[in-house]
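See below for the structure under consideration.
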Amino acid sequence: MPKIKKGRIPVKIDMTPMVDVAFLLLTFFMLTTQFKPPEEVEIQLPASHSEIKLPESNTMTIVVSEDSKIFLGFDSPYMMENMFGQPNRNRQAIEIKLENLPDLLIKARISNPKLRTIVKGDANAEYGTISDVMDILKKTQITRFAMVTNFKTN
Amino acid sequence: MAGVEIGGGESKNKKQGKKRINIRIDMTPMVDVAFLLLTFFMLTTVFRKPQTLEINLPPKDVEVKIAESNLMTLRVDENMNIYWNMGIEIPKRIKFEDLRKFLREKAAENPKLVVLVKIDRKSKYHAMIDIIDELNLANLTRFSLSPMTEIDKKEMQRAS
């Protein structure tokens, strides 16, 4: 068969719309991404069916790690500086002793009455420690708090 | 690939009419980088935030009296064995998998039901979350947590 030499049509695809969409998505993802701040301790969260979202601002987080150590953290650097001093300004949470927790909680509530309390416990932490923390919350008149969980589907 | 054609739009050129130079900018590397970043951000974005279980503790010095027939006690020992009893009955053991159905039935039988949850201090934190979660699913929002005493441990032994 003879070769057809002139029948080839150069196909040009206009990529502009695709590139436009790509850039749109890129901007979207760049703006919505929030990088996870480095954590003081690794926490394995327990799971529940609750669908309430975690509050984002004005939070005070009490972290109980797997080996039952207690950490206290605030979402704003200002509160961290206020409570733990300038060098700890940018840290997420500071390890504290259970005995000091009531005083710290009261101090924090005085400097920001709008604070919301979050308890973030490791799934394998001892219940006794959590129970002690809850007793302290009750004693310091914090009767409403949230416990962080992962979402469970079944 | 996408390119931009820029005519040398000078007034002199326009008058001369035939000396237009086409500058083509090759956009390929830029688009490549854009796609690379797009993939990166798509893969690193986490949409789902952790959920929370909200708890309201009763104020310290308020005592609520509950009729014995409306009170169910759930006891959880350190090995995640669950025992239940109404009022002062002898505790009975129940499997965690059966708990949801059981609590739903009980909640439907008696809308005034109040659940007292007692968890062993040596137990794990997720035991408490699991139990509270099951209570919430069964719409039993009136529950209270109280410490486990020696008497409770003896009660559990009576069951097994």
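So that the names make sense, note that chain A is the first sequence line, chain B the second, and so on, each numbered from 1. What you see below is based on every heavy atom in this structure, not just the backbone, and it leaves out hydrogens, waters and symmetry mates.
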**OP:** Determine, using the 4.5 Å side-chain heavy-atom cutoff (strictly less than), whether A/F28 and B/F40 are members of one ILVMFWY cluster.
**Re:** yes
Original post:
Contact part of B/M42 toward chain A, heavy-atom cut-off under 4.5 Å: side chain, backbone, both or neither?
Top reply: both
**OP:** Go through the atoms of B/A34 and report whether side chain, backbone, both or neither lie under 4.5 Å from a heavy atom of chain A.
**Re:** both
Original post:
Of all heavy-atom pairs between B/I129 and A/P46, which one has the smallest distance, and what is that distance?
Top reply: CG1-CG, 3.8 Å
Subject >> Where B/T52 and A/K53 come nearest, the two heavy atoms and their spacing >> reply: OG1-O, 3.8 Å
Original post:
Counting heavy atoms not belonging to B/K122, are there more than 12 under 6.0 Å from its NZ?
Top reply: no
**OP:** Output the distance between atom OH (A/Y127) and atom CD1 (B/I131), rounded to the nearest 0.5 Å.
**Re:** 10.5 Å
**OP:** Work out which heavy atom in B/D133 is nearest to a heavy atom in A/H49; give both atom names and the distance.
**Re:** OD2-ND1, 2.6 Å
Original post:
Does one hydrophobic cluster hold both A/I142 and A/I52, with members joined at side-chain heavy-atom distances below 4.5 Å?
Top reply: no
Subject >> Euclidean distance, A/E126 CD relative to B/E78 CD, rounded to 0.5 Å >> reply: 9.5 Å
**OP:** Would you indicate whether A/R144, at its atom CZ, is surrounded by more than 12 heavy atoms from other residues, nucleotides or ligands within a distance under 6.0 Å?
**Re:** no
Original post:
Which answer fits A/S131, side chain, backbone, both or neither, if we ask what part of it has an atom under 4.5 Å from a heavy atom of chain B?
Top reply: side chain
Subject >> Hphob cluster co-occupancy, B/F96 + B/L103, side-chain heavy atoms under 4.5 angstrom >> reply: yes
Original post:
Tell me, side chain or backbone of A/I118 under 4.5 Å from chain B's heavy atoms, or both, or neither?
Top reply: neither
Original post:
Taking A/V148, A/T129, A/I130, A/L137 one by one, which has the highest count of heavy-atom pairs under 4.5 Å against chain B?
Top reply: A/I130
Original post:
Are A/M83 and A/L98 in one and the same hydrophobic cluster, where Ile, Leu, Val, Met, Phe, Trp and Tyr link if side-chain heavy atoms are under 4.5 Å apart?
Top reply: yes
**OP:** Among B/L37, B/I119, B/D130, B/N136, single out the residue with the greatest number of heavy-atom pairs under 4.5 Å to chain A.
**Re:** B/I119
Subject >> Engaged part of A/L45 at the chain B interface, taking heavy atoms whose separation is under 4.5 Å >> reply: side chain
Subject >> Remaining members of hydrophobic cluster (4.5 Å side-chain criterion), A/L31 >> reply: none
Original post:
Any idea which heavy atoms bring A/D122 and B/Y125 closest together, and the distance?
Top reply: O-CD2, 3.1 Å
Original post:
Got a sec: does the CZ of A/R91 have more than 12 other heavy atoms crowding it under 6.0 Å?
Top reply: yes
**OP:** Determine the minimum heavy-atom distance between A/F29 and B/L38, stating which atoms define it.
**Re:** CD1-CD1, 4.0 Å
**OP:** Indicate if A/V21 and B/M30 have the same hydrophobic cluster label, given that clusters are the connected sets of ILVMFWY residues with side-chain heavy-atom separations under 4.5 angstrom.
**Re:** yes
**OP:** Assess whether atom CD of A/E95 is packed by more than 12 heavy atoms of other residues, nucleotides or ligands within 6.0 Å.
**Re:** yes
Original post:
Looking at B/I55, B/L53, B/N56, which one forms a side-chain contact (heavy atoms from CB on, under 4.5 Å) with A/F145?
Top reply: B/I55
Subject >> Heavy-atom pairs under 4.5 Å with chain A, option from B/M148, B/E54, B/E134 with the top count >> reply: B/E54
Original post:
Taking side chain as C-beta onward, heavy atoms only, is A/V19 less than 4.5 Å from B/M27?
Top reply: no
